[in-house]
Protein chains: 2
Amino acid sequence: MKSKYTTIIDIARQLNISKSTVSRALTGHPNVKEHTRKAVLELAATMEYQRNSLALGFSKHTTNTIGIMVPEFMSTYFPSVIVGVQDVMQAAGYNVVICQQNESYESEVSNMKLLLSYCVDGIIVSHTKETRNFDHFTLAQRRGVPLVFFNRVPDDMNVPNVVVNDYEAAFQAVEHLIGIGRKRVAHLAGPESLVNTRQRRQGYLDALKKHGIPYNPDLVLSYDLTTEKVKIYMKHFLDLETPPDALFAINDPTAIAAMEVVKAKGLRIPEDIAVVGFSNDFSAQLVYPGLTTVAQPTADIGRTAAEMLLTEMKAKVKNDYTIKKAPTVQLPTKLIIRESTMIKGKAKKR
Amino acid sequence: MKSKYTTIIDIARQLNISKSTVSRALTGHPNVKEHTRKAVLELAATMEYQRNSLALGFSKHTTNTIGIMVPEFMSTYFPSVIVGVQDVMQAAGYNVVICQQNESYESEVSNMKLLLSYCVDGIIVSHTKETRNFDHFTLAQRRGVPLVFFNRVPDDMNVPNVVVNDYEAAFQAVEHLIGIGRKRVAHLAGPESLVNTRQRRQGYLDALKKHGIPYNPDLVLSYDLTTEKVKIYMKHFLDLETPPDALFAINDPTAIAAMEVVKAKGLRIPEDIAVVGFSNDFSAQLVYPGLTTVAQPTADIGRTAAEMLLTEMKAKVKNDYTIKKAPTVQLPTKLIIRESTMIKGKAKKR
DNA sequence: CAAGAAATTGGAACCGTTCCCACGAAAAAA
DNA sequence: TTTTTTCGTGGGAACGGTTCCAATTTCTTG
C-alpha cells in the first residue's frame, strides 16, 4: 500500500508466482498455463493494473509513440493535418503527442529535445518561421529517430517530406488574377526563412513574366506573418500613387486581414482590388466576400506524412539520407474561385 | 559505439570517475569539485549527452510534464485555451503534451491511459461529447494525478475546474434577442451529455419566462454537433408553420452552419431571423453578416486552469476531493453584438 | 516405466538515472 | 597534534518491465 498503483510485482506476490510469469501472462506470451494466465488477468483487472510505459520504454528504447511538431494551430491548416496523422497512426497502433511552438524557435528546440528524451519512435515536423538553424533536426537523425517534414521543409536538408507544388499553385493563382484583367498585382509574401515564401514568390514572378507584365518591386513585400504588419503593409500598398488592382497573399489569414484594410478604406472587393489567398482555411469561405484561394489537401498531407514515417520507422536498417535521396511526395492543389476574384455579372448570388 | 546516444556511464568511463559524480555534476549538485564539474560538462557537450527522461521519470515517478486533453481543435476555442496553458506551464518549467480526441470517447479513454502510463504530473481536461462514463478520470485521481477541468465539466464529479457562467451568458444572449423585438426564439442545443448544453438551455428558458414568452418545445432541438444535423434541424425550423424569428445556437460553428441554411433559403439576417452564437470563435467576425456571440476569455481560461493545476501538483498532501470541496473559478463572458442581431438603421456599414 | 521432449516457471541481468550511505582526504576547530 | 567537520567521491540499491537461460514439472513415447 506504499504506492498508489499496481506493478507486476504486486500481482506476482499476491499469486505467489514470479514476476516473469506475470509479465508473460500480461503480454500474451504463449508459454503460460491457461490457469495461471486467467488468474493473472483477473487479478490485474481487479487491482487496476496498468503497464508503466516509462519502464517499458526505458528498457526497450522504443515507446510506440510519435510526436508531431507544428508552428501554430490557430488556422485550420495544421489541426487538419494533425487529424490526418492521427487517423493513420491510431490505425497502426501508435500514440500521437502534439507539440505546438507558437512560431518560437526556442520552443521548437526544447520540444524537439523533449520528444527525443522521451524516446519517441519518430517525429513529423513543420518548422517555425524563426527557424534558421537546423541542428536540432540533425540531432534527431544522429539519434536514429526518423523525421518527416511537411509544408515547411528545411531546404538545405535532405529529408523525407510531403509538400504541395507551391510554385505551380502560386503561378496559377496569379495567372487567374491576370486572367480577370488585373495588371498591378501586389504580393504580400511571408518570411524569407520559409521555403514556401520563396517558391510562391517565384511563381508570382514567373506568372507576371509569362504575361508580359513587368515586375514592380514596390508591389512585393515580405513580412513576418503578424496581423499588425499586414495592416501597415496593406495600407502602404493602397496609398501608392497607382495602387494595385489585385493582391496575392502568402496565406488566408494574411488575405483576410488585408481585406479588412481594403474594406475599411471603402474600396470594393473585387471591383477595386481582387484578392487571392493560400491554403483554403475554413475562414476563406466565411469571409465576405468569399476568398479565392489555393486549396491544400490537408488531411491527405497528414495521412501521407504518417505513412511515410511508418515506412521510415519500419526500415530495419535506418536510412541514411546523407548518402541517399530522401523520399518526397507532392500532393495536388486546387484553385478555389470565390467572390473575391469574381468579376461583375459572374458573381454568385448570396 | 553500440548505441547512438550518450549516457552518464559513457562519460564516467571516459573520465575514469563514477557515474554518481557525473550525475551530480550534471544536475548541479553543490558537492562536486569545480575541476571535475567542468570536465564533465565539457565532455557531455562534445558527446551531445542528453538526459534520458524515461529513465528519470521511471525512477522518480514524476516527469515535469503535464497533459492537456481536448475534444477537438478545428474551432479556435480549444487551440486558444491551449496557448494560455502553455504560456503558464512553460514559465513554470513544465512541458505540455496535447491530446486531441476527435470527440471520441474511446480516444479519450486511451489517451488518458497513455498519459497516466507516461507518468505525467497532471492533466487538464475538457471531455468529449460522447463521454458519459467518468471512470478514466477517477482512475487518474486514484493514481494521485491531479486533474483540472475546463469548459466541459463532469457534473457529478467534484473536481477543480475553470468555467464561465453558461447560464447567465445564455440568459443575456436570449434577453438581447427579445430586446430587439423577437418573440419566437429558437434554440439549437448541444448533446445532453454536456453540462454547457443544460445550463445554456436553462438560461434560454428562464430568459423567455422572465419576459413572459411561453416556452414552445417545437423551437428547441438538441443535436450532436455535426454539421449535417444543423442543416436538417435548421431547415426543419424554417419549414414550421410559424417559423422562428431568432436563433440562439449552442456555439459559433452551429450558428454559422445555420446561417448558411437561412441564406440559402433566401431569408435575410437579421431582418427575417436574428442569430446569436457562443464563444466568439475567430470565424464569428468573418462570417457575413457578423455574428453576435458570447465571448469567452479563452486564453485566460487556459492560464487559470494551468495555475490551478500547478497549485494541485504542489500540494504536498494530495487534496482529496471526495471529502472536501474542489476549487472552481468562474470567468466573465461578454456579449459581442454584431450585424446578425442589429436591427435596420443601427447596422454598421460594411 | 524410464528416458527424452515439451511445457511451464523462476532467477537474474539489463535499461539510465538518482540518491542514500560509506569512506578517505582535507580543512577547521580543539 | 588530535579530533571533528566538511568536502568530494565511489558503490550499490531502487525504479518496473522484458527476456534469456536454466530448472522444474508434465507429457510422450519407446
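Excluded from the calculations below are hydrogen atoms, water molecules and symmetry mates; all remaining heavy atoms, backbone and side chain alike, are included. In what follows, every chain begins at residue 1, and chains take the letters A, B, ... in the order their sequences are listed. Keep in mind that this is a model prediction, so the values were computed, not measured.
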- Task: For the side chain of B/Ser20, starting at C-beta, report the closest nucleotide among C/dT17, D/dG10, D/dT18.
- Result: D/dG10
- Message: Quick check on DNA chain D: between B/Phe58 and B/Ile17, whose nearest nucleotide comes earlier from the 5' end?
- Response: B/Ile17
- Query: Whole-Å distance between D/dT18 C1' and B/Leu54 CG?
  - Reply: 15 Å
- Do B/Lys19 side-chain and C/dT17 base share a donor-acceptor contact under 3.5 Å? yes
- Task: Calculate the interatomic distance between B/Lys33 atom NZ and D/dT6 atom P; express it in whole Å.
- Result: 19 Å
- Per the atom types in the model, does the base of D/dG16 pair as donor or acceptor with the side chain of A/Ser23 at under 3.5 Å? no
- Item | Side chains of B/Tyr5 and B/Asn52, donor plus acceptor under 3.5 Å | no
- Query: Within this structure, what is the CZ-to-P distance between B/Arg24 and C/dC19, rounded to whole angstrom?
  - Reply: 11 Å
- Message: Any side-chain N or O of B/Thr36 below 4.0 angstrom from OP1/OP2 of D/dT9?
- Response: yes
- Query: For the pair made of CD in A/Glu34 and P in D/dT26, what is the distance, rounded to whole Å?
  - Reply: 17 Å
- Has A/Ser18 got a side-chain N or O lying under 4.0 Å from the OP1 or OP2 atom of C/dG10? yes
- Query: Please give, in whole Å, the distance from C/dC15 P to B/Leu56 CG?
  - Reply: 18 Å
- Length of the line joining A/Asn31:CG and D/dA22:C1', which is rounded to integer Å: 14 Å
- Can you check whether B/Ser59 has a side-chain N or O nearer than 4.0 Å to OP1 or OP2 of D/dA14? no
- Message: Pairing donors with acceptors under 3.5 angstrom, does anything connect the side chains of A/Asp121 and A/Asn64?
- Response: no
- Query: Could you go step by step and tell me if A/Arg303 and A/Asp300 meet the side chain to side chain contact (heavy atoms under 4.5 Å, CB included) rule?
  - Reply: CA-CA 5 Å; A/Arg303 279 192 286 266; A/Asp300 266 350; 3.0 Å; yes
- Message: Is B/His61 close enough to D/dG16 that one of its side-chain N or O atoms is under 4.0 Å from OP1 or OP2 there?
- Response: yes
- Task: Starting from the 5' end of DNA chain D, give me the residue, A/Gln50 or B/Pro30, whose nearest nucleotide shows up first.
- Result: B/Pro30
- Assess the side chains of A/Gln86 and A/Tyr94: does a donor N or O sit below 3.5 Å from an acceptor N or O? no
- Query: Roughly how many Å is it from CZ in A/Arg13 to P in C/dG10, rounded to a whole number?
  - Reply: 14 Å
- According to a strict under-4.0 Å criterion, is A/Lys60 in side-chain N/O contact with OP1 or OP2 of C/dC14? no
- Should the heavy atoms of other residues, nucleotides or ligands under 6.0 Å from CD of B/Glu48 be counted, would the total exceed 12? yes
- Task: Please check the phosphate of D/dG10 (OP1 and OP2 only) for any side-chain N or O of B/Thr21 closer than 4.0 Å.
- Result: yes
- Distance below 4.0 Å between B/Tyr5 side-chain N/O and C/dT17 OP1 or OP2: no
- Task: Indicate, with a heavy-atom threshold strictly under 4.0 Å, whether A/His29 touches base, sugar-phosphate, or nothing.
- Result: nothing
- Task: Would you please indicate yes or no on a ring centroid separation below 6.0 angstrom for A/Phe58 and B/Phe58?
- Result: yes
- Note on the structure: B/Ile8 atom CD1 is separated from D/dT9 atom P, nearest whole Å, by 15 Å
